[in-house]
Structure formats: C-alpha cells, structure tokens
Protein chains: 2
Amino acid sequence: MDAGAIRRSLEGRGLRCTPQRYAVIAFLLKQNKHPTAAEIFEAVNRVDPRCSRATTYNNLRDLVQAGLVREVAVEGRAARFDATGMRHHHFICDRCGNVEDMEWYEVPQPASNSLGKRIVRECELIFRGLCSKCAPRHASG
Amino acid sequence: MDAGAIRRSLEGRGLRCTPQRYAVIAFLLKQNKHPTAAEIFEAVNRVDPRCSRATTYNNLRDLVQAGLVREVAVEGRAARFDATGMRHHHFICDRCGNVEDMEWYEVPQPASNSLGKRIVRECELIFRGLCSKCAPRHASG
DNA sequence: TGTCACATTAGATATAATCTAAAAACGTAT
DNA sequence: ATACGTTTTTAGATTATATCTAATGTGACA
Ligand SMILES: [Mn+2]
Ligand SMILES: [Mn+2]
Ligand SMILES: [Zn+2]
Ligand SMILES: [Zn+2]
C-alpha cells in the first residue's frame with residue numbers, strides 16, 4: 001500500500017491525513033506483529049518525534065472507529081492493534097499473550113432466533129493455547 | 001449447584017474451599033450477567049466484608065486457571081467474568097461494552113496445517129455489534 | 001500441639017488509558 | 001493574503017484497572 005493509497009483510505013473515511021495519523025497507520029501496515037499502543041508510540045517517534053502519546057491513542061481510536069484498524073483486547077495485558085488487511089482469525093497465547101494471525105475461514109452464523117433485537121456487526125474467532133514459542137517450553141519444563 | 005457441589009468442584013481442582021473463594025464462585029454461579037472484578041468485590045462484601053480486593057483478584061485468577069471461571073477481555077474496559085456453566089459464545093456490545101451469552105454451536109476447526117507447532121486449548125466465537133438495549137437508540141438517535 | 005504450605009490483608013505500586021486546556025494546523029470564505 | 005471556525009496535537013495530570021509486598025492468619029496433618 002503506497003502513500004497515496006493510505007491517504008485515500010483515510011480521507012475516504014472522513015479522516016484528515018495528518019503526519020501523525022499517517023505515521024500510525026503506515027507503521028501498522030508494515031507490521032506482521034500486533035503491537036501495543038505503547039510500542040506504536042515508541043516506534044513512530046524513534047524516527048520522527050512528532051506524535052505524542054495522547055495523539056497515538058487518539059488516532060488509534062479514530063482508526064478503529066473508521067474500521068481501518070482492529071483492536072484486540074488481551075486479558076491482563078495492553079490491547080494490541082493491526083491494520084485490517086486480509087480477513088483473518090486470531091490466536092492468543094495463554095502464556096506470553098502474543099497475538100498471531102490465523103488463516104481465515106467462514107464461520108456459520110448463529111440461528112437468527114437467538115439474536116433477538118441485537119444487531120451483529122462482525123463475528124470473530126479467537127483460538128487460545130500455546131504459541132509455537134511457548135509450546136516446547138510447556139512440554140519440557 | 002449446591003454448596004457441596006461447589007466445594008467439590010474447588011477441591012477437585014486442587015483449590016482449598018475458603019470462605020472468600022467460595023463466596024466469589026458462588027456469586028458468579030448465580031449471576032447471568034458478566035460482572036467485573038470490582039463488581040464482584042463489592043457484591044461479595046456487601047453481605048459479609050471478609051474478602052479484600054487483593055483476594056478477589058487472586059481468587060479470580062486461580063479460578064480462571066483452574067478452568068472454573070472464564071475471563072472476557074473487553075477493549076478499553078475492565079475484564080468481565082462468568083462461571084463456566086453450559087458452553088456458550090459471547091456477544092459484546094460496541095456501545096455499552098456489555099457481554100451477553102449466545103447459544104452454543106459447534107465451530108469448524110482450523111486446517112491442521114495452519115496450526116504449526118501451536119497447541120490449541122479452546123476456540124471462542126465473539127459476536128460484536130449493538131445489544132438489544134443499544135440497538136434502538138442507534139436507529140432513532 | 002507444632003509445623004508448614006497455603007491464603008488473606010491493607011496499602012503501595014505499576015500499568016494502561018483517558019482527560020484537560022491551551023496551542024497549532026488546517027480548510028474555507030472573503 | 002487574511003480572518004475565522006474546526007480539527008488536531010500536545011504535555012502533563014488524572015483516572016481506571018490490576019498487581020505486588022510483606023506481615024498476618026488459617027487449616028491440614030504429623
Ligand atoms: Mn491480526
Ligand atoms: Mn458468558
Ligand atoms: Zn507464547
Ligand atoms: Zn449495549
């Protein structure tokens with residue numbers, strides 16, 4: 001995704017393309033990890049210290065609301081973020097809290113009579129267990 | 001679930017049945033909501049103030065580890081808890097953050113070649129959108 | 001009864017996220 | 001270019017959530 005495409009995706013969602021906002025989403029787009037807000041703040045500012053902590057949080061909130069970024073809450077740890085690219089599911093490690101992408105596949109919808117008046121926007125599948133780093137440690141130690 | 005059954009389920013998992021621990025899980029078992037740790041602390045102590053905040057958190061941690069209680073992380077809000085009864089999925093409201101139970105149904109497992117060395121313990125389905133309280137407000141206001 | 005691992009406690013501390021109020025940057029009309 | 005209203009950014013304070021510490025209590029059992 002080049003600079004023009006990023007700018008257009010922001011403006012298409014009614015968000016100004018400010019240097020700070022651009023830096024946040026551009027950073028997320030080139031990650032395959034799922035950084036925390038603190039990690040994003042630090043990384044963005046290492047190169048060019050123009051994005052305060054409050055702005056990092058503000059922009060993450062705006063980007064999530066606009067549907068350009070996804071927030072993943074992890075029990076007892078800071079939330080993690082990824083730029084919504086190809087659809088995928090998530091795997092969260094019980095031990096280290098890392099979030100990993102899992103290949104996407106269709107999930108059957110709930111019976112419509114179990115929905116009541118609720119309006120479903122999305123449905124996400126989360127796998128839990130031990131990641132490939134932690135699984136060996138578990139077996140041996 | 002009567003007192004004896006609760007006691008046995010604790011001891012069966014290697015947890016002593018202390019008054020505080022018992023109070024936490026007994027409270028959760030009679031809830032159909034998903035209270036936060038703070039709410040559990042307050043409710044348990046309203047009747048009999050014998051369970052400190054640290055103990056509430058300690059016991060919730062132990063109960064989750066023992067698989068008797070489930071923790072649900074909600075973006076930007078306090079974690080919520082429920083006593084693992086019948087299997088079910090969850091619905092989380094975008095607007096008010098409330099967590100509601102959804103009828104259980106089987107979810108297809110991921111292709112085993114996409115798992116790598118990961119060990120999957122469980123797989124949960126989370127629906128997001130507007131709950132039955134918030135959906136009307138959305139339509140009108 | 002003595003012992004020891006487990007459990008609880010109050011309060012301090014750590015971590016994560018949001019709020020505040022003032023300044024800056026921007027878009028647009030003149 | 002200038003003025004004006006709106007959006008955005010900022011540093012630092014503040015809040016919310018959760019964990020840690022070190023002292024004390026409790027109960028199983030030898
Ligand atoms: Mn992802
Ligand atoms: Mn539930
Ligand atoms: Zn791991
Ligand atoms: Zn709601």
Side-chain angles (χ1 to χ4, degrees), chain A residues 6-7 10-27 34-45 47-66 68-81 95-97 99, chain B residues 6-8 10-27 34-45 48-66 68-81 95-97 99:
Chain A
I6 292 177
R7 163 182 285 271
L10 288 172
E11 290 173 349
R13 298 297 192 140
L15 296 175
R16 275 195 203 158
C17 182
T18 66
Q20 294 86 346
R21 191 170 282 155
Y22 179 93
V24 167
I25 190 155
F27 174 72
H34 295 79
T36 63
E39 287 166 351
I40 296 165
F41 168 58
E42 200 199 353
V44 161
N45 280 272
V47 187
D48 179 357
R50 272 191 304 173
C51 188
S52 73
R53 191 159 49 93
T55 297
T56 306
Y57 277 96
N58 288 343
N59 280 327
L60 284 169
R61 192 225 311 110
D62 296 344
L63 291 165
V64 168
Q65 273 192 344
L68 298 173
V69 164
R70 175 147 62 146
E71 178 173 358
V72 185
V74 185
E75 318 71 48
R77 311 198 186 230
R80 291 166 173 279
F81 298 86
R95 173 189 254 258
C96 70
V99 176
Chain B
I6 292 176
R7 164 182 285 271
R8 282 190 298 279
L10 288 171
E11 291 172 349
R13 298 298 193 139
L15 296 174
R16 274 194 203 158
C17 183
T18 66
Q20 293 86 347
R21 192 171 282 156
Y22 179 92
V24 167
I25 189 156
F27 173 74
H34 295 79
T36 63
E39 287 165 351
I40 295 165
F41 168 59
E42 199 198 353
V44 162
N45 280 274
D48 179 357
R50 274 191 304 175
C51 188
S52 74
R53 192 159 49 94
T55 298
T56 306
Y57 277 97
N58 288 343
N59 280 327
L60 284 169
R61 192 222 314 106
D62 296 344
L63 291 166
V64 168
Q65 273 192 343
L68 298 173
V69 164
R70 175 147 61 147
E71 177 173 359
V72 185
V74 185
E75 318 71 47
R77 311 198 186 230
R80 291 165 174 279
F81 298 87
R95 173 190 254 258
C96 69
V99 175

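Everything numeric here is computed off the predicted structure, so don't read it as measured data. In what follows, chains are A, B, ... by sequence order, proteins preceding strands, each numbered from 1. Any value given below was found using the heavy atoms of this structure, including those in side chains, with hydrogens, waters and symmetry copies removed.
Looking at residues two or more places apart in sequence or on another chain, you find no salt bridge (Lys or Arg N to Asp or Glu O under 4.0 Å) involving B/Glu71. In this structure, the salt bridge (Lys or Arg N to Asp or Glu O under 4.0 Å) partners of A/Arg7, at least two apart in sequence or on a different chain, are A/Glu11. Evaluation of the salt bridge (Lys or Arg N to Asp or Glu O under 4.0 Å) rule for A/Arg50 yields A/Asp48 as partners, not counting sequence neighbours.
What you find for B/Asn45 and B/Cys51 is that their closest heavy atoms are ND2-O, 2.7 Å. Between A/Ala37 and A/Thr56, the closest heavy-atom pair is O-CG2, 3.9 Å.
Residues A/Arg70 and A/Val64 have side chains not in contact (no heavy-atom distance under 4.5 Å, counting atoms from C-beta outward). You'll find the side chain of A/Val72 stays beyond 4.5 Å of the side chain of A/Phe81, heavy atoms only. Taking the side chain as every heavy atom from C-beta outward, A/Tyr57 and A/Arg61 never approach each other to under 4.5 Å. Annotation: side chain of B/Leu63 is in contact with side chain of B/Leu10 (closest heavy-atom distance under 4.5 Å).
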Any N/O pairs under 3.5 Å between the protein and nucleotides 21-29 of chain C? List them or say none.
none

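The CG-P distance, from B/Leu60 to C/dA7, rounds to 15 Å in whole Å. The CZ-C1' distance, from A/Arg80 to C/dA17, rounds to 16 Å in whole Å. Counting to the nearest Å, the C1' atom of D/dT8 and the CG atom of A/Leu10 are 14 Å from each other. With rounding to whole Å, A/Leu15 atom CG is found 12 Å from D/dT7 atom P. Between the P atom of D/dT7 and the CD atom of A/Glu11 lies a distance of 15 Å, rounded to the nearest Å. Put simply, CZ on A/Arg50 is 16 Å from P on D/dT8, counting in whole angstrom units. When the P atom of C/dA17 is taken as reference, atom CZ of A/Phe41 falls 14 Å away, rounded to whole Å.
Looking only at distances, no side-chain donor or acceptor of B/Glu42 sits under 3.5 Å from a matching main-chain atom of B/Glu39.
Proximity of A/Gln20 to the phosphate of D/dT10: a side-chain N or O atom is located under 4.0 Å from OP1 or OP2.
Relative to the axis of its first five pairs, the axis of the last five pairs of the helix from C/dT1-D/dA30 to C/dT30-D/dA1 sits at 20°, rounded to 10 degrees.
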* Could you go step by step and tell me if A/Arg21 and A/Asp62 meet the side chain to side chain contact (heavy atoms under 4.5 Å, CB included) rule? -> CA-CA 9 Å; A/Arg21 191 170 282 155; A/Asp62 296 344; 3.3 Å; yes
Under a 4.0 Å heavy-atom criterion, the protein footprint on nucleotides 11-22 of chain D, written with B, S and -, is B-B---SBBB--
